[in-house]
Amino acid sequence: MSSLFDYTLASARDALRARKISAVELVDAHIEAIERLDDGLNSFITRTPEQARLAAKEADAALAKGEGGPLCGLPIGLKDLFATKDVRTTAASKILDNFVPPYESTVTANLKQDGAISLGKLNLDEFAMGSTNLTSAFGGVMNPWQRRGSTAKLVPGGSSGGSAAAVAAGLVLGATGTDTGGSIRQPAAFCGIAGVKPTYGRCSRFGTIAFASSLDQAGPMARNLQDCAILLESMAGFDPKDSTSVDKPVPHYEAALGRGVKGLKVGIPKEYRIDGLPAEIAAVWDQGIAWLKEAGAEIVDMSLPHTQYGLPAYYIAALAEASSNLARYDGVRFGERVTGASLDALYEATRAAGFGEEVKRRILLGTYVLSSGYYDAYYLRAQKVRTLLQRDFLQAYEKVDVILAPTAPSGAFAWDEKPTDPVQMYLNDVFTVPASMAGVPALSVPVGLDSHGVPLGLQLIGRFFDEETLLAAGSVLEKAASFTHRPTIHAGVSA
Ligand code: GLN
């Protein structure tokens, strides 16, 4: 290894166990990289170097005795949507600016239990609502990738934009993300890393600040799928504190990576060839099809007939749930408070000052679609569409094992190219939302660069609780693509 920034999570794990490197030097190098690069990238909201250094010393002591969990000594970052005990947790909202949870989310507790070391809390779109990370009350995140010959700031995608940027820039070896309608997969694609949205119920939602509870799912983001598999194995599992977490044994995901795709049926859904799909995106998709075929998969043209209703139904269902979930931020129990002459005035002033524009828009729309007279026309109908979307996938999986599609209809765009019309913005989620509505697992892997030199990802969507087949197929794409490009801004490149 020429530098501590060439390690993946897997190779660093092995080097730590073999005592080739120490946790202290690994963690120190990453803290130094954050100090060097993150004032510009803004991928962290809260840095926790003191706690990390302490944990690294303990990790070295454990490793010296041949002890320590499977992630012992590995520096990671946590999306600031996961409650962390005694560490400020903001959801990138002003309304939670001063919120220090007295408890830890199950997912982050699992990672820490296994020895992972958090370097801090990562930036995101406010309450995970967005696809650009520009809705954060703590400022936007800069994608470490730049277009060839340009220094224009690109978005890292969202909502897990801080997680994706920090991993891509080499500031952490892996990170947690959450995905409600694409928030792991789309930023992973925009930043040239891998991300897995597990089956709904695979990871506990306890202590993850809720956006849309029936869709929210935690998952790993890392430089490759092996690292994602390692993180997912730690994050996943039944949790009595979350009634939607599923009591199923957690497989050894890493072992599934080498299974290959021989004999596997890979579906190509015709509805994803949307009008106006950029030629570059269509080309990487075709390339992905060719790679899987070469590796022995059978390619099956198929249909997910209700795809076109996925996006509108998502933006009703998710917003309805958001309006209900965010009712708790009233200035009485959590976070910021702006006082008023009456209790109602206090609520109004607090919420007016505490929430950003996109969050307010969603609360208003969500409240509208749930209100009497509109409930049947919007909310109930969206739920029916959701059932149809689910049925599309269930029927598809009678014929195919996995589905291959693009992750997003574009690569990363510039901060100032963000559509001003929110509906235009929502269209970026067109390929990720259906799997979320159905609850099935999906992942994104980087497979190439667009004509500007910015990464593009491909998405694989799998059967309920069959993350293993997804990882196996994803791994074939990963090998064929051998994506080794690095972004302009990277910890291993001195300025
Ligand atoms: N971009 C989508 C939205 O804005 C998805 C967000 C997410 O998955 N958290 O709702």
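Start at 1 and go down the list; that is how both ligands and their atoms are numbered.
- Annotation for K418: atom NZ counts as buried by contact number, over 12 foreign heavy atoms lying within 6.0 Å.
- With Q186 as the partner, the side chain to side chain donor-acceptor pair (under 3.5 Å) test is satisfied by one option alone out of T407, T432, N428, D429: N428.
- In this structure, R381 places its CZ atom where only 12 or fewer heavy-atom neighbours from other residues, nucleotides or ligands lie under 6.0 Å away.
- Shown here is Y315, whose OH atom has more than 12 heavy atoms of other residues, nucleotides or ligands within 6.0 Å.
- Remark: K197 pairs with no residue by the side chain to side chain donor-acceptor pair (under 3.5 Å) rule, at least two apart or across chains.
- Around ligand 1 you find A128, M129, G130, S131, S159, D179, T180, G181, G182, S183, F211, Y314, Y315, R362, D429, each with a heavy-atom distance below 4.0 Å.
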Test side chain to side chain contact (heavy atoms under 4.5 Å, CB included) on F127 and Y329 and set out the steps. CA-CA 12 Å; F127 282 104; Y329 305 105; 3.6 Å; yes
